[in-house]
Amino acid sequence: MRRLIRLAARLYPASWRARYGAEFEALLNDMRPAWRDVFDVVRGGLEMQIRWGHAARAAAMAAGTLAVFFSVWAALHDIAHGLERDYTAEYVGLVASALGFAFLYGKALRGLPHRGRLAWLRGTGVLLAICDIAAVAAMVSPRLPNDALAGFDLPDGRSAAGRARRLPSHSRTQPAAKTGRRRYKARMNATTLSSDAPGWKICAHPLLLQHGGIFIGNDAADHHLDGPVMCPSCRSSSITRGTMAL
Amino acid sequence: VSDPALLVLASLTEGDKHGYAIMVDVERFAGIRMGPGTLYGAITRLEQRGLIRPVPSPDRRQPYRLTSAGRAHLEQEVAALARVVRTAQGRLRHA
């Protein structure tokens with residue numbers, strides 16, 4: 001625990017540590033530290049960055065810390081409410097948190113000895129930076145084009161067209177072409193939940209397609225899968241056609 | 001009453017103390033355990049305002065002493081708190 005607090009104490013500005021570092025270290029040796037002391041020292045480091053350090057650095061640290069909390073909140077919100085909206089805000093939060101965390105971590109690592117029992121921690125900084133860059137690149141790169149075509153078998157074409165127009169605007173699902181007596185193509189360019197269309201069940205596999213064409217559906221009792229979804233520009237070949245059932 | 005700076009000043013009225021001694025004393029008389037970040041945040045602010053000052057020490061534990069400005073500040077704060085306490089007690093009696 002003391003090591004963790006000492007690591008957190010590196011968040012304090014160098015000028016503060018030059019003045020109070022020795023006596024702060026003596027205090028840590030005297031006391032019996034608890035987990036909450038780690039957070040207390042992190043908070044104290046932020047405060048001292050504002051008082052002693054550069055305002056921009058303090059703002060970056062505060063923004064990074066807030067971004068971490070925001071990202072956790074967004075993740076919990078998504079888990080609670082389903083993946084039913086675009087992820088722009090979450091992407092921004094994750095990128096900001098990755099940068100903020102990398103900054104905090106880098107600052108904490110600065111000054112660690114090159115040799116000794118804690119020296120291996122220096123290597124994790126490089127690993128973290130690589131993971132950060134990879135994660136951010138994976139998040140911001142589009143997986144699928146904005147417009148994905150999906151084919152549905154509709155039990156009743158006329159009724160289905162009427163229902164489709166009533167779908168929420170953000171899902172922008174519309175019959176694109178009639179390809180047979182009871183078959184429509186639907187152009188999906190946003191996240192759609194079957195619950196967005198009352199009375200409808202959208203079935204698709206896999207349940208989650210990333211980016212432009214996302215289906216998350218509950219399997220209807222009468223659904224069937226009988227071929228690939230018409231999605232010529234999708235990279236995934238495992239998407240199969242589902243059934244919209246009234 | 002839980003203001004860390006006030007607690008540190010109150011602790012130092014008894015005499016010079018270093019960080020850990022202040023922490024133990026505050027926990028004893030106020031029942032509040034100050035974390036190291038909170039304690040040194042308060043010490044830093046108080047020293048910057050000239051309300052406490054470090055005194056020479058042979059080891060790494062740095063004792064602090066209340067200055068005359070610190071004593072005057074503490075007296076003002078205590079008087080204000082006393083007014084609040086008297087008012088609250090009086091109103092509680094009539095409530």
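In the text below, chain A, chain B and the rest are named by the order of the sequence lines, each starting its count at 1.
Contact annotation: the side chain of B/Thr38 approaches that of A/Arg43 to within less than 4.5 Å [non-hydrogen atoms, C-beta and beyond].
Here the closest non-hydrogen pair linking B/Gly37 and A/Asp40 is N-OD2, 2.6 Å. For the residue pair A/Leu27 and B/Gly19, the shortest heavy atom distance occurs at CD1-C, 3.8 Å. Scanning both residues, A/Arg19 and B/Pro54, for their nearest heavy atoms gives NH2-CG, 3.7 Å.
Remark: B/Thr44 OG1 to A/Tyr20 OH distance equals 4.0 Å, nearest 0.5 Å.
Counting non-hydrogen atoms of other residues, nucleotides and ligands closer than 6.0 Å to CZ of A/Phe39 gives a total of 12 or fewer.
Looking only at heavy-atom pairs under 4.5 Å with chain A, the residue among B/Met34, B/Gln62, B/His18, B/Arg33 that has the most is B/Arg33. In terms of heavy-atom pairs under 4.5 Å with chain B, the best-connected choice from A/Ala26, A/Gly44, A/Ala9 is A/Ala26.
With a 4.5 Å cut-off on non-hydrogen atoms, B/Met23 touches chain A through its side chain but not through its backbone.
Side-chain contact annotation: B/Tyr40 with A/Glu23, donor-acceptor N/O pair under 3.5 Å present.
The pair A/Asp30-B/Arg60 does not meet the salt-bridge criterion, since no charged nitrogen lies less than 4.0 angstrom from a carboxylate oxygen.
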